[in-house]
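The shown structure was predicted, so the numbers you read here are calculated from the model rather than taken from an experiment.
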Amino acid sequence: MTTPSHFSADHPVPSSHRLFGARDLFALWFSLGIGLMVLQVGAMLAPGLGLAGAVLAIALGTGVGVLLLGAAGVIGSDTGLPAMGTLRLSLGRHGARLPAVLNLLQLVGWGAFEIIVMRDAASLLGARAFGEDSLWNSPMLWTVCFGAMATLLAVSGPLAFVRKILRKWGIWVLMAACLWLTWNLFAKADLAELWARAGDGSMSLAVGFDIVIAMPLSWLPLIADYSRFASSAKRVFGGTVLGYFIGNTWLMSLGVAYTLAFASSGEANALLLALAGAGIGIPLLLILLDESEKAFADIHSAAVSTSVLVRFKVEHLALAIGVVCTLIALLAPLAQYENFLLLIGSVFAPLFGVVLMDHFVIRRRRAPALVEGLHWQALVAWVVGVAAYHTIAAQAPEFGATLPALVLAGGLHALLSVSRGRETVRA
């Protein structure tokens with residue numbers, strides 16, 4: 001019997017198991033908008049844009065990104081299918097196999113990368129509190145602990161995690177950590193001076209926007225895995241947009257401000273050390289623990305993507321993938337793998353331009369009969385969008401590539417679909 005949290009890509013979630021409301025989705029996406037990597041993106045924006053420019057890029061990039069993310073979530077609630085299952089409606093059953101494989105690769109990589117991020121931050125806190133030679137500075141210990149935690153959460157499924165942990169107390173702990181960091185910033189930094197200080201010009205606003213929008217758009221291949229458990233499309237859109245916008249904008253802006261105020265030395269761990277000094281490191285520890293949710297999401301969604309390719313239970317796949325992510329984190333030099341992960345991730349912005357256009361404009365939110373083969377016009381539009389992304393990134397990076405590639409792929413899919421419809425009428 002299929003458990004409520006583990007429906008595969010072939011099984012729409014029945015209405016009796018659609019338990020997520022707006023509060024659940026707000027808690028989930030507020031939490032997913034917070035994390036150590038979000039802080040590090042803020043640190044990346046700080047030198048070139050300054051505080052005022054970076055906050056503008058964060059607000060614009062996150063604002064546009066969450067509207068697209070919320071729309072992708074609505075597809076999950078409309079169909080009851082996970083993300084890779086909804087791709088079958090736009091690309092055909094066989095056409096969805098390639099995105100499923102790419103999604104599996106990137107999610108396994110990012111799951112391992114999240115474990116490494118947690119391990120490094122925990123080792124830093126352990127060394128700071130107990131000394132360099134203490135057990136709490138052991139990378140192997142923290143890798144196994146965080147890998148096991150993320151795997152356990154992934155096996156339990158999203159309903160149990162969101163409703164029993166995040167909604168009840170997790171979101172309040174995270175808000176308390178963000179409030180403490182905000183208070184500490186206002187108490188110790190001259191924000192008026194930081195706001196007036198211009199960036200060094202090494203990054204344009206458009207490039208900053210492109211970096212920021214990549215954060216919410218990175219969740220496009222995952223969101224329907226969770227929104228399919230929602231009770232209504234309206235609650236999906238509102239909870240997702242509001243939760244992610246507040247969490248991501250708040251914490252990324254703190255990353256910018258802390259970098260400019262306390263961590264401008266350029267050292268690799270300067271921001272983490274500055275955050276560790278706020279509230280004796282407790283807020284950073286809470287954000288560190290929240291990072292396990294991102295590893296959970298990567299592992300669970302990797303299992304759902306794999307269910308498109310093989311016939312195994314999602315919870316069994318989650319266990320196997322969690323073990324693989326932990327082993328990669330222990331053994332692999334992921335510093336060289338990050339560029340490959342970003343390359344794979346670049347294919348999903350134009351892909352979801354096609355999917356969003358297909359669902360909302362062409363099909364008007366109606367679910368078609370599943371086609372066994374390929375939807376060639378959707379695949380052509382996707383390929384053109386990916387080519388446009390890399391062309392813009394190489395030739396005109398100052399304009400940003402993510403949003404233009406998404407819009408181009410969606411528009412081309414609409415044109416090809418109209419042309420196909422006219423040919424069908426003539427025939």
Side-chain angles (χ1 to χ4, degrees), residues 9 29 32 37 41 61-62 64-76 81-92 95-111 113-114 209-227 240 244 248 294 297-302 304-306 308-309 337-360 375 378-393 400-413:
W29 289 102
L32 288 174
M37 293 180 72
V41 170
T62 307
V64 175
V66 295
L67 293 177
L68 296 168
L69 184 64
V74 168
I75 300 176
L81 294 170
M84 293 301 108
T86 63
L87 291 185
R88 290 177 168 181
L89 303 179
S90 298
L91 303 178
R97 290 184 181 276
L98 177 59
V101 171
L102 293 175
N103 198 41
L104 172 62
L105 288 174
Q106 74 154 352
L107 290 175
V108 168
W110 283 121
F113 195 79
E114 292 288 356
F209 173 89
D210 210 40
I211 291 171
V212 174
I213 197 175
M215 296 295 288
L217 294 192
S218 69
W219 294 104
L220 286 177
L222 285 72
I223 184 170
D225 297 345
Y226 310 98
S227 64
T240 299
Y244 195 92
N248 195 75
K294 294 176 179 58
D298 290 329
I299 294 169
H300 173 75
S301 289
V304 175
S305 290
T306 307
V308 173
L309 307 169
Y337 191 44
E338 185 177 1
N339 288 334
F340 176 60
L341 293 173
L342 293 172
L343 177 65
I344 293 176
S346 71
V347 308
F348 286 103
L351 173 60
F352 275 85
V354 171
V355 171
L356 292 169
M357 178 64 70
D358 189 62
H359 184 77
F360 288 100
H375 286 175
L379 292 169
V380 168
W382 176 29
V383 170
V384 171
V386 173
Y389 179 99
H390 290 285
T391 300
I392 295 170
T402 303
L403 195 57
L406 184 147
V407 172
L408 175 63
L412 180 58
H413 178 53

Check Asp225 against Pro221 and note the closest heavy-atom contact, atom names and distance.
-> OD2-O, 4.3 Å
Residue list, side-chain contact (heavy atoms from CB on, under 4.5 Å) with Ser90, at least two apart or on another chain | Val355, Asp358, Arg363
Who pairs with Val383 by side-chain contact (heavy atoms from CB on, under 4.5 Å), at least two apart in sequence or on another chain?
-> none
How many angstroms lie between atom CG of Leu69 and atom CG of Leu220, to the nearest 0.5 angstrom?
-> 6.0 Å
Only one of Val407, Val384, Leu408, Val386 forms a side chain to side chain contact (heavy atoms under 4.5 Å, CB included) with Pro350, so which one is it?
-> Val386
When you measure from the side chain of Tyr244 to the backbone N and O of Gly65, does any donor-acceptor pair fall under 3.5 Å?
-> no
Looking only at heavy atoms, what is the nearest atom pair of Phe348 and Pro99, with distance?
-> CZ-O, 3.8 Å
List the steps and the verdict of side chain to side chain contact (heavy atoms under 4.5 Å, CB included) for Leu351 and Leu87.
-> CA-CA 9 Å; Leu351 173 60; Leu87 291 185; 3.9 Å; yes
Minimal heavy-atom distance between Ala72 and Leu356, with the atoms involved, is N-CD2, 3.7 Å
Considering all heavy atoms, the nearest Ile392-Pro404 contact = CD1-CB, 3.8 Å
List the atom of Ala224, the atom of Gly76, and the distance in Å for their closest heavy-atom pair.
-> CB-CA, 3.7 Å
In short, Ala302 meets Leu104 closest at the heavy-atom pair O-CD1, 3.7 Å
